[in-house]
Engineer: 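Sharing a structure here in structure tokens format.
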There are 2 protein chains.
Amino acid sequence: MNKDTEPLDRASAEEYASWFKALADATRIQLVSLLARRRAPMTVGEIVAASGVGQSTVSHHLKILAEVRFVLVERQGTASLYRINEACVSCFPTAADVVMGTPVPARPSASEGACDGT
Amino acid sequence: MNKDTEPLDRASAEEYASWFKALADATRIQLVSLLARRRAPMTVGEIVAASGVGQSTVSHHLKILAEVRFVLVERQGTASLYRINEACVSCFPTAADVVMGTPVPARPSASEGACDGT
DNA sequence: CTTATTCATCGATAATCGACGATATTCGAT
DNA sequence: ATCGAATATCGTCGATTATCGATGAATAAG
């Protein structure tokens, strides 16, 4: 499946790390969890109200989550609707992937975009 | 399985984050990957040589990985033998766990220690 | 006892990051 | 065009973090 003793190059290590960094903060975990439990998209205002985190902080974290495609945005009037990217949830790398040298997954662009081998 | 719309308390979010933080650094990813590919335990010196990272830096990251039980240490003479904690690899939380509100896994103490329900 | 080896720890430094308040931007309504 | 609401961005502060070099502790060897 992979080069057996190949020590994993720095670039792949950084890609892996960038995945885990996205969830390496308690506030982002809360936002992701919140968006996942409400099945429907949420506006920033709703997220701010529901999470008790400051507006600029929420916006900042949502941006980070959107950059790694973990959440998807859709502007609607003056509001921004955020929702979970299910594809990103399912292809998020596991520790076993790191250990086994699985190729780093690509970032799915849409909710129905395939992860790697689907 | 879980309280449906319960927004995930801060404490659980921080526990989750602490798991992901362990792998949120490229150097730690490399060390974990390196230890995993060599099936046998490695000394710090071997890890330093094989990874090309400074000795104190390696020692620092190994300490972090050991604190979260991701690697196990065993002193042998003047050397320290590090090896992967397979139990920690297999119970490492996934993004789906966060989304579904799975209870945060406990840190397995030994390689053969059970994760949660095994 | 002395010395060399192996590793952990300390101190310093620079970079990153999270949170906040204030400001800017975007867009709908009037 | 103007106003107001919703959100993004900016500047800053404080805290954490990654890396390095040097020092120190433990142990094995001579």
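What you see is a predicted model; the values in this text were computed from it and never measured. The sequence lines fix the lettering, A, B, ..., with proteins before strands; numbering per chain opens at 1.
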Engineer: Compare side-chain N and O positions of T43(B) against OP1 and OP2 of dC7(C) and report whether any pair is under 4.0 Å apart.
Structural biologist: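 Answer is yes, contact under 4.0 Å.
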Engineer: Round to the nearest Å and state the distance from L65(B) atom CG to dA8(C) atom P.
Structural biologist: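 One finds 12 Å between P of dA8(C) and CG of L65(B), rounded.
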Engineer: Can you tell me if R69(B) uses its side chain to pair, donor with acceptor, with the backbone of R107(B) under 3.5 Å?
Structural biologist: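 Present.
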Engineer: Ring centroids only, cut at 6.0 angstrom: are F20(A) and F92(B) within range, meaning strictly under it?
Structural biologist: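 Ring-ring flag for F20(A)/F92(B): true, centres closer than 6.0 Å.
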Engineer: Looking for any heavy atom pair under 4.0 Å, which part of the strands does S59(B) touch: base, sugar-phosphate only, or nothing?
Structural biologist: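 Touches a base.
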Engineer: What is the separation between atom CG on L62(A) and atom C1' on dA6(D), rounded to the nearest whole Å?
Structural biologist: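 In whole Å, dA6(D) C1' and L62(A) CG are 13 Å from each other.
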Engineer: Can you build the contact string for nucleotides 10-29 of chain D? Use B for base contact, S for sugar-phosphate-only contact, and - for no protein heavy atom under 4.0 Å.
Structural biologist: --------SBBBB----SS-
Engineer: Starting from P on dT7(D), measure out to CE on M42(A) and report it in whole angstrom.
Structural biologist: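 From M42(A) CE to dT7(D) P: 11 Å.
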Engineer: Same hydrophobic cluster for Y16(A) and I64(A), using side-chain heavy-atom links shorter than 4.5 Å among ILVMFWY?
Structural biologist: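 Each belongs to a different hydrophobic cluster.
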Engineer: Under 4.0 Å between a side-chain N/O of S80(A) and OP1 or OP2 of dA8(D), yes or no?
Structural biologist: yes
Engineer: When the distance from CG of L81(A) to P of dT7(D) is rounded to whole Å, what number comes out?
Structural biologist: 8 Å
Engineer: Roughly how far, to the nearest 0.5 Å, is the CG atom of N85(A) from the OG atom of S90(A)?
Structural biologist: 8.0 Å
Engineer: Does anything in residues 48-65 of chain A form a side-chain hydrogen bond (donor to acceptor under 3.5 Å, both in side chains)? List the pairs, not counting sequence neighbours.
Structural biologist: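 Found R28(A)-H61(A).
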Engineer: Using a cut-off of strictly less than 4.0 Å, decide whether Y82(A) has a side-chain nitrogen or oxygen near OP1 or OP2 of dA6(D).
Structural biologist: no
Engineer: With sequence neighbours left out, write down each residue that passes side chain to side chain contact (heavy atoms under 4.5 Å, CB included) with A50(B), or none if nothing qualifies.
Structural biologist: L34(B), R38(B), M42(B)
